[in-house]
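Worksheet: one structure, shown below.
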Amino acid sequence: MIDTFLNGGPFMLALLILLGIIVFIAVKNINEPYKTNSIVLLGIFSALVGISATYIGIDTAFSSVSDISKISPQILLNGLKTSLITSITGGIIMLISTGLWYFFIKRHNLLVG
């Protein structure tokens with residue numbers, strides 16, 4: 001499992017930092033409201049970071065295909081699988097942050113209706 005995260009590249013560190021910030025804000029929200037809307041905004045930003053990292057990884061993989069005359073399909077597919085790690089992680093972080101945001105909105109009665 002740790003190897004999977006390490007294969008995500010430098011963008012995985014940014015995603016883990018965003019997850020840490022979301023958890024910090026969630027802990028501060030337990031007793032009283034504290035920047036509740038920033039939880040969901042950071043989650044959306046983590047999804048965008050994951051998608052951007054995937055694009056960069058796939059673009060790099062496809063640009064290197066033209067340089068190599070014979071490339072194994074297994075190598076290309078492993079590279080594509082590795083590039084998708086960040087987008088999946090960003091999506092999971094977004095789902096967690098959305099759930100936390102909704103929980104704290106309901107808990108602190110912050111919905112305006």
Side-chain angles (χ1 to χ4, degrees):
M1 182 71 177
I2 293 175
D3 291 335
T4 304
F5 284 124
L6 293 177
N7 285 335
F11 287 98
M12 189 60 74
L13 179 63
L15 289 174
L16 293 177
I17 289 172
L18 285 169
L19 179 64
I21 294 170
I22 290 169
V23 168
F24 174 76
I25 294 173
V27 168
K28 297 272 291 184
N29 261 310
I30 290 175
N31 294 327
E32 62 186 35
Y34 176 77
K35 298 185 179 183
T36 307
N37 290 332
S38 61
I39 293 174
V40 75
L41 292 175
L42 288 171
I44 292 170
F45 184 67
S46 68
L48 291 176
V49 167
I51 291 169
S52 300
T54 299
Y55 171 73
I56 291 170
I58 289 175
D59 185 48
T60 304
F62 284 148
S63 66
S64 66
V65 168
S66 63
D67 296 338
I68 302 171
S69 61
K70 293 182 180 179
I71 188 167
S72 172
Q74 290 83 13
I75 293 173
L76 183 63
L77 290 176
N78 282 335
L80 293 176
K81 184 181 78 169
T82 302
S83 71
L84 291 174
I85 291 170
T86 53
S87 64
I88 291 170
T89 305
I92 291 170
I93 291 172
M94 185 182 74
L95 288 175
I96 291 170
S97 70
T98 304
L100 285 171
W101 172 78
Y102 186 74
F103 173 76
F104 288 123
I105 288 290
K106 285 293 206 176
R107 180 178 178 149
H108 300 299
N109 293 323
L110 296 176
L111 286 177
V112 177

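In this chain, numbering begins with 1 at the start of the sequence shown.
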CG on L41 to OG on S97, rounded to 0.5 Å: 9.0 Å
Candidate list I105, I22, I21, test side-chain contact (heavy atoms from CB on, under 4.5 Å), partner I39, passing option: I22
Closest approach of I25 to S38 (non-hydrogen atoms, all atoms of both residues): CD1-OG, 3.5 Å
Any residue meeting side-chain contact (heavy atoms from CB on, under 4.5 Å) with S52, in chain and number order, not counting sequence neighbours: none
Same apolar cluster: F24 and V49, side chain cutoff 4.5 Å: yes
Nearest-0.5 Å distance that lies between atom CE in M94 and atom CG in L48: 9.0 Å
Non-hydrogen atoms of S87 and L84 that approach each other most closely: OG-O, 3.0 Å
Value rounded to 0.5 Å, distance of CD1 in I56 from OG1 in T86: 9.0 Å
Minimum-distance pair of heavy atoms, taken over all atoms of T54 and S83: OG1-O, 3.0 Å
Path from F103 to L95 over hydrophobic side-chain contacts below 4.5 Å: no
OG1-CE distance between T89 and M12, expressed to the nearest 0.5 angstrom: 3.5 Å
Matching residue for F104 among V40, N29, N37 - test: side-chain contact (heavy atoms from CB on, under 4.5 Å): N29
Hydrophobic cluster membership, I92 vs I51, 4.5 Å side-chain cutoff: no
Closest non-hydrogen atom pair between L19 and I93, with its separation: CB-CD1, 4.0 Å
